[in-house]
Each structure stands twice: as structure tokens, then as C-alpha cells.
Visitor: 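Submitted below is the structure of interest, expressed as C-alpha cells.
Chain naming here is simple, since letters A, B, ... match the order of the sequence lines and numbering starts at 1 in each. Given the structure is predicted, the values throughout are model-derived calculations rather than measurements.
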Amino acid sequence: MILSASVRRLLAALTGLTLLLLYLPLAVVVLNSFNTSKSLTWPPPGLTFDWWERAFHSAGARDAVGTSVEVALTATAIALVLGTLMSLALQRHDFFGKSSVNLLVILPIALPGIVTGIALNNAFRGILSLQLSIMTVIVAHATFCIVTVFNNVQARLRRMGSNFEEASADLGAGLWTTFRLVTFPQLRSALLAGGLLAFALSFDEIIVTTFTAGAGVNTLPIWILDNLFRPNQAPVVNVVAVVLILLSVVPIWIAQKISGDIDNLR
Amino acid sequence: MSVDTARAAVPETRRTAARRVSSSLSARPRARLALLLAAPLTWLVLVYVVALAALLVSALWTVDSFTGEINRSLTFDNLKEIATESLYRTVTLRTVGVAVLVTVVDVAIALPIAFYMAKLASQRMQRILVIAVLTPLWASYLVKAFAWRSVLSDGGIFQWAASRIGLDTPGYGLTAVVITQAYIWLPYVILPIFAGLERVPNSLLDASGDLGASTWQTMRTIVLPMLTPAIIAGSIFSFSLTLGDYITVNIVGGANQMLGNLVYTNVGAANNLPLAAAIALIPIVIMIGYLTAVRRTGALENL
């Protein structure tokens with residue numbers, strides 16, 4: 001299709017505008033982390049490093065990061081196993097009720113977080129009489145993280161077809177050997193991308209977490225929400241946010257480096 | 001490819017127990033399927049389906065207003081209340097309205113940038129753009145909502161900029177909720193649409209141009225129909241995520257309530273889980289309706 005130069009320019013301009021829109025609020029966060037005004041007025045009356053110093057000495061923020069990493073890592077590990085099994089089942093087999101199972105995987109993310117949240121809260125406390133703890137958060141997070149792994153692995157399985165697996169079986173490899181030496185190496189980058197997304201999803205989740213975290217389990221989003229409206233803490237939250245934005249480049253860079261495949265980052 | 005290593009690593013067939021299990025499984029695809037499905041399906045059913053079903057049942061319970069205890073005899077009182085009270089209708093309409101607006105805004109913004117990324121940008125540029133669109137996804141949701149709170153505040157940057165052209169900040173309210181939610185979910189809409197556009201072969205677009213179609217005609221008759229599943233996939237995110245949100249509303253929505261707020265208040269302050277469950281049915285029904293309606297378009301494979 002031949003696009004006229006003016007249409008091209010228009011699309012490029014819109015792209016630039018959209019990026020500006022995406023980054024402007026983040027830039028405001030970065031600037032506000034140096035803003036001397038606690039009410040974050042614009043333009044900033046002065047700049048200071050105080051908040052950065054306070055943030056580095058905030059035990060609450062540090063602990064919250066630790067808790068979030070623990071939850072996200074465990075939930076991601078569970079999601080990786082369950083999501084891979086599920087995608088192998090759905091992509092390599094045909095069976096009755098397949099589309100319902102497919103829907104079931106998507107449901108925890110497609111239904112609003114508050115529904116998942118109160119449903120699990122009710123199930124944990126009402127039905128199972130469990131104390132809410134860090135475990136309940138992990139179970140909840142793993143449940144909605146399955147879908148990101150599932151989607152990535154399924155897309156990869158669909159693309160790679162089953163020729164290599166059949167060849168491996170014809171050459172006498174057992175199921176496990178075929179998985180270990182043929183299927184898994186081809187899935188590795190898809191697993192990495194799905195795992196990264198699952199980690200990110202869990203790390204940033206607030207609504208389901210609110211309903212499934214026990215007292216004293218402060219993930220980073222819960223800590224942020226607690227401190228957002230405290231006048232003395234809001235700038236510290238800004239600092240934490242800036243650090244998160246900077247750190248977020250790392251996993252994206254890894255994913256790009258390893259997979260080299262943009263499709264997998266969805 | 002790893003076929004060479006596979007051959008090297010499997011020198012000969014030994015009749016171990018694992019080997020016997022493996023070969024008997026190769027002959028039985030059903031058993032293989034059952035093994036694969038057992039763990040994930042058990043997890044999803046035990047954790048999720050049971051919880052969801054229990055929630056649906058508890059919507060039929062009531063709470064004694066004096067003791068605060070749950071009465072487990074089944075009645076349709078909660079559902080009746082939701083169907084008849086105008087509060088719920090108003091809030092539902094408001095919530096769906098906001099969710100639709102957010103989705104429309106997001107798709108409108110996503111289409112041009114996704115098209116540029118998929119079809120016009122050089123490979124290098126495309127990579128950079130994908131990273132640029134992805135990065136804000138990793139910034140905390142709360143921080144982004146809070147960023148808009150400070151952008152839209154009295155004395156904030158929006159007012160500062162808008163005052164130069166004689167406008168004012170919309171302040172905290174539904175407009176702010178739409179802006180903030182559209183901002184937060186935008187990358188989730190751009191990425192599936194971008195991936196969808198990547199799957200539209202360039203040769204098809206060239207053919208359409210060669211056969212005399214204008215740019216607009218090509219977009220409308222070739223690109224758009226092929227892109228519909230991707231657009232729907234993107235809309236599932238923005239629509240569903242907005243439908244259940246109550247935190248953005250608290251941060252930038254002023255006094256407005258959405259469905260999520262009603263559910264939250266009833267679980268927490270009002271201690272009325274049954275009513276909360278009944279209210280939660282509204283977004284569940286809407287979402288399931290939406291998902292069932294779009295399932296045939298293949299959108300769910302594009303998530």
C-alpha cells in the first residue's frame with residue numbers, strides 16, 4: 001500500500017504525540033520526587049534531594065519490596081508450571097470442552113479484580129477457614145498469572161508445529177526426553193516472556209492483594225496506597241516510583257535481548 | 001536446532017520403568033492429556049471456580065442487620081434490591097459508560113501508533129517503539145493514578161498549561177477517571193493491535209493499492225476486518241479492567257462511585273458480603289456476556 005507523504009507524517013506525528021502522552025505523567029513523577037512542595041504544585045518552587053534520602057532509609061518501603069518480590073517470584077514459578085502444562089494440553093490435543101477450559105484460564109484476568117478478590121477472600125476465610133497470610137496472596141496471584149504464561153507458550157507451540165517432536169519420537173526418544181531436549185529449548189524464550197509478564201502483573205497487583213493479604217503482609221502496592229495520601233510520605237512514594245520505572249527497563253531489555261521476538265512480550 | 005543433541009543423548013532404548021510409562025503413554029493420548037490437564041485444571045477449579053460459585057451462592061444469603069451475622073437461607077432479596085433500587089442502575093450505567101469511553105479513547109489512540117509501529121517504522125525503530133510502549137506498563141498502577149492526581153490538581157501542571165489557552169483543569173471527577181484509566185490501560189490496547197497489524201501481510205496491502213483502492217478503502221475493507229479480533233482483544237483489557245476499578249475513582253474521581261466502590265464498601269465498612277456478592281454479579285454478567293459474544297471472532301486467541 002502506498003501511503004501519501006502527508007499521511008505518513010500525520011501517523012508519525014500521532015505516534016510522537018502518544019509517546020509524549022505516555023511519558024509526560026511519568027516525567028511529572030520524576031520531577032516531583034525532587035519537588036520541595038509537599039502538595040506537588042507546579043511549577044516546583046524548589047528542588048531537593050531530601051525525599052531520595054528519606055526513601056533510602058525507609059524500612060517500610062524496603063520490606064514491602066522484599067515481600068512483593070517473594071510473592072511475585074513464587075506466583076510466577078507456579079504459573080510457569082501450570083501455564084505450560086495447560087498450553088501443552090490445549091495446543092497438542094483436541095477434546096470435548098476445550099474452549100471452556102480455554103475460557104477458564106482467561107477468566108481470572110478477564111473478570112474485574114474486585115470479583116476475583118472478594119471471591120477468593122470469601123473462599124479462604126468463609127469456606128476453608130484459613131488465616132489470610134502471604135500464602136493466600138501467592139495462591140491468588142498464581143491463579144491470574146497462569147494466563148500470561150499460557151498465552152505465550154501457546155502462541156509459541158502453535159508457531160513451531162509438532163514436526164520436531166514427531167521426529168524425536170520417531171527416532172526413539174521417550175516423551176520426557178522429547179520434552180526436555182526438543183520442546184523445552186524451543187519454548188525457553190516464550191517462558192521467559194510469559195514469566196516476566198506474570199512477575200510484573202503480580203508485582204503491581206493491588207485489588208486482589210487487598211482482599212487476600214493477611215494483616216502485616218505489605219506488598220509494595222499496599223505500602224504505596226497506605227502512604228499515598230500521607231502528606232509527608234507522598235514525595236517518598238514518588239521516589240519509590242521513579243526507582244521502579246528505572247528498574248523496569250531491565251526486564252524489558254532482557255526479554256528483548258533473549259527472545260528478539262516482539263510478539264512474546266505481549 | 002536441538003535434534004542433533006537429542007539423537008546423541010538418546011543412544012539406545014533401555015527398558016526402564018520410566019521408559020515403559022513413556023511408551024504406554026505415547027500410545028494413549030487420552031492419558032497423556034489427563035496428566036497434562038490434571039494439575040492446572042485442579043488448581044483453577046479448586047481455587048477459582050469453587051470460589052466463584054461460592055460467591056454466587058452467597059449472593060442469595062442475607063445479613064441480619066442487628067447481629068451482623070449471615071443468614072444462609074436462600075432468598076432473591078439482594079438480587080431484587082439490585083434490580084429495583086435506582087442507585088444500582090445509576091452506578092452500573094455510569095461504570096459501563098466510563099468503561100466504554102475508556103475503551104473507545106484507547107482504541108482511537110492505539111490504532112495510529114500501532115499502525116505506525118507495525119507498518120511504517122524501520123525494524124530498529126519498531127524495537128525502540130515497542131520498548132517505549134511497554135516501559136510504562138511496569139510503572140506502578142498506583143503511581144500512575146497518583147501522577148494524574150497531581151497533574152490534574154488545583155495548581156498542577158494541567159491547570160498551569162491549560163490556563164495559557166484559557167482553559168482549566170477538569171478537576172477530580174468522571175472526566176479525570178476516564179483520562180486516568182485510559183492512560184493506565186493504553187499499552188494493553190496498543191500491543192494486541194500492533195501484533196494484529198503485524199499479522200496483516202504487506203503484500204495484501206500492496207495488492208489492494210495496485211488494484212486501485214485508496215488508502216482509506218484499503219484500511220476499511222482489508223485492514224479493519226483482519227484487525228477486528230485484535231481490537232476486541234485489546235478492548236477486553238481496557239473494558240474489564242475499568243469495569244471493576246475502584247482505586248482510580250478514589251484517587252481522581254472525587255465523590256463519584258463506581259460498581260467497585262459499592263462492592264468494596266459492602267465487604268468492608270457495611271460488612272454485607274451477600275449484598276457485595278450480588279453487586280459483583282453485575283460486572284460478572286456483563287463480562288461473561290461480552291466474552292461469549294466475542295469468542296467466535298477469535299479475539300481470545302489474541303489476548
Visitor: What distance do Leu22(A) atom CG and Thr135(B) atom OG1 have between them, rounded to the nearest 0.5 Å?
Guide: 9.5 Å
Visitor: Could you give the distance from CZ (Phe115(B)) to CG (Leu14(A)), rounded to the nearest 0.5 Å?
Guide: 12.5 Å
Visitor: Any idea which of Trp148(B), Tyr188(B), Phe239(B), Phe158(B) has the most non-hydrogen atom pairs under 4.5 angstrom with chain A?
Guide: Trp148(B)
Visitor: Side chains of Phe95(A) and Leu37(B): closer than 4.5 Å at any heavy-atom pair?
Guide: yes
Visitor: How many angstroms lie between OG1 in Thr15(A) and CE in Met117(B), if you round to the nearest 0.5 Å?
Guide: 8.5 Å
Visitor: Flag the one option from Ala54(B), Ala114(B), Gly260(B), Ala132(B) with the top tally of heavy-atom pairs under 4.5 Å to chain A.
Guide: Ala132(B)
Visitor: Are the side chains of Pro283(B) and Leu111(A) in contact, using a 4.5 Å heavy-atom criterion?
Guide: no
Visitor: Is there a side-chain contact between Ile109(B) and Leu21(A) in this structure, where contact means two heavy atoms from C-beta onward sitting under 4.5 Å apart?
Guide: yes
Visitor: If you define the side chain from C-beta out and look only at heavy atoms, does anything of Val28(A) sit under 4.5 Å from Ser150(B)?
Guide: yes
Visitor: Using a 4.5 Å cut-off on heavy atoms from C-beta on, say whether the side chain of Leu228(A) contacts that of Arg149(B).
Guide: no
Visitor: On a heavy-atom basis, which atom in Ile131(B) and which in Tyr23(A) lie closest, and how many Å separate them?
Guide: O-OH, 4.3 Å
Visitor: Calculate, to the nearest 0.5 Å, the distance between atoms CH2 and OG1 belonging to Trp43(B) and Thr143(A) respectively.
Guide: 5.5 Å
Visitor: Would you compute the distance between atom CG of Leu273(B) and atom CZ of Arg125(A) and round it to the nearest 0.5 angstrom?
Guide: 8.0 Å
Visitor: Which of the residues Trp160(B), Tyr183(B), Tyr290(B), Tyr141(B) is involved in the greatest number of heavy-atom pairs with chain A at under 4.5 angstrom?
Guide: Tyr183(B)
Visitor: Determine whether Thr116(A) and Tyr48(B) satisfy the following criterion, side chain to side chain donor-acceptor pair (under 3.5 Å), listing intermediate values before the conclusion.
Guide: CA-CA 8 Å; Thr116(A) 309; Tyr48(B) 200 66; 3.3 Å; yes
Visitor: What closest approach, in Å, do Ala119(A) and Ala51(B) show between heavy atoms, and which atom pair accounts for it?
Guide: O-CB, 3.6 Å
Visitor: Tell me, side chain or backbone of Leu201(A) under 4.5 Å from chain B's heavy atoms, or both, or neither?
Guide: side chain
Visitor: Indicate yes or no: at least one non-hydrogen side-chain atom of Leu107(A) is less than 4.5 angstrom from one of Leu291(B).
Guide: yes
Visitor: Does the side chain of Lys144(B) reach to within under 4.5 Å of the side chain of Pro25(A), using non-hydrogen atoms?
Guide: no
Visitor: Please report the closest heavy-atom contact between Leu243(B) and Pro112(A), naming both atoms and the distance.
Guide: CB-CG, 4.3 Å
Visitor: Find the distance between CG (Leu134(B)) and CG (Leu196(A)) and round it off to the nearest 0.5 Å.
Guide: 10.5 Å
Visitor: What closest approach, in Å, do Leu142(B) and Pro221(A) show between heavy atoms, and which atom pair accounts for it?
Guide: CD1-O, 3.1 Å
Visitor: Please report the closest heavy-atom contact between Pro108(A) and Leu44(B), naming both atoms and the distance.
Guide: CG-CD2, 4.3 Å
Visitor: On a heavy-atom basis, which atom in Thr18(A) and which in Leu186(B) lie closest, and how many Å separate them?
Guide: CG2-CD2, 4.0 Å
Visitor: Side chains of His93(A) and Leu36(B): does their closest heavy-atom pair fall under 4.5 Å?
Guide: yes
